Amino acid sequence: MAKKNSLMEYIYVVGMALVVVGFCCPMFSALGVSSNGFKFINFKNSSFVTIGALLIFIGAVAGIGFNFISIKGIDSDTLKFIALIASIVGGVILVIGFTTGGGAYKLLGKGLLKNAAVGFYLVIVGWIVALLGKFISK
């Protein structure tokens with residue numbers, strides 16, 4: 001844990017935890033079927049959707065981990081920021097994959113906010129809280 005203002009750094013952890021919880025909750029609900037983030041990971045077709053989903057989850061988990069462990073010679077603040085940016089970039093890739101993909105992904109992409117469920121909003125709020133925690137703790 002950083003020695004600066006450790007209470008404020010927990011805001012970052014709470015934000016990243018919200019991203020992880022949101023990823024596990026139903027993110028989208030369309031045609032009576034709801035899906036969490038793990039449903040978008042499909043290794044048979046290595047598409048943008050799979051890469052985006054993996055970046056969201058791995059970035060959030062890594063950001064939480066970097067808050068509690070340190071790597072010798074590397075600034076943990078930089079690693080936490082990279083993990084947060086990777087998670088957000090994963091979200092952007094996921095949305096691009098939805099809107100440019102085919103089949104069900106394209107249908108979901110057209111009504112992205114209309115089909116969004118609680119997990120989607122938790123991920124967005126988690127990113128905002130983590131960004132605030134990252135810049136407030138400076």
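These numbers were taken from a predicted model, which means no experiment stands behind them.
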Any residue meeting ring pair (Phe, Tyr, Trp, His ring centres under 6.0 Å) with F23, in chain and number order, not counting sequence neighbours: F38, F57

So which heavy atom on L84 is nearest to which on A130, and how close? CD1-CB, 3.8 Å

L131 CG to I88 CD1 distance, which is reported to the nearest 0.5 Å: 4.5 Å

I'd like to check L79 versus D75 (side-chain heavy atoms, cut-off strictly below 4.5 Å). Are they in contact? no

On a heavy-atom basis, the closest approach of A60 and V20 is CB-CG2, 3.6 Å

Stepwise, does the side chain to side chain contact (heavy atoms under 4.5 Å, CB included) test hold for L122 with V19? CA-CA 6 Å; L122 278 175; V19 173; over 6 Å; no

Just verifying a value: how many Å separate I58 CD1 and I51 CD1, rounded to the nearest 0.5 Å? 11.0 Å

Joint hydrophobic cluster, I136 plus L18, side-chain heavy atoms closer than 4.5 Å: yes

According to side chain to side chain contact (heavy atoms under 4.5 Å, CB included), who are the partners of I124, at least two apart in sequence or on a separate chain? F120, W127, I128

Mind telling me whether F68 and Y10 have parallel, tilted or perpendicular rings, with 30° and 60° as the class edges? tilted

So side chain to side chain donor-acceptor pair (under 3.5 Å) across residues 11-24, not counting sequence neighbours, yields none

On a heavy-atom basis, which atom in I41 and which in L54 lie closest, and how many Å separate them? CD1-CD2, 3.7 Å

Between the side chain of S87 and the main-chain N/O of I56, is any donor-acceptor distance below 3.5 Å? yes

To the nearest 0.5 Å, how far apart are NZ in K134 and CG in D77? 4.0 Å

State, to 0.1 Å, how close C25 and V118 come at their nearest heavy-atom pair, and which atoms those are. CB-CG1, 4.3 Å

What is the minimum heavy-atom distance between I64 and M16, and which atoms define it? CG1-CB, 3.6 Å

Any chance you could measure I74, atom CD1, to I82, atom CD1, to the nearest 0.5 Å? 8.5 Å

Using every non-hydrogen atom in the two residues, find where G59 and A83 come nearest and quote the distance to one decimal. O-CB, 3.3 Å

I want to check something: taking the side chain as every heavy atom from C-beta on, are F66 and F81 in contact at a cut-off of under 4.5 Å? no

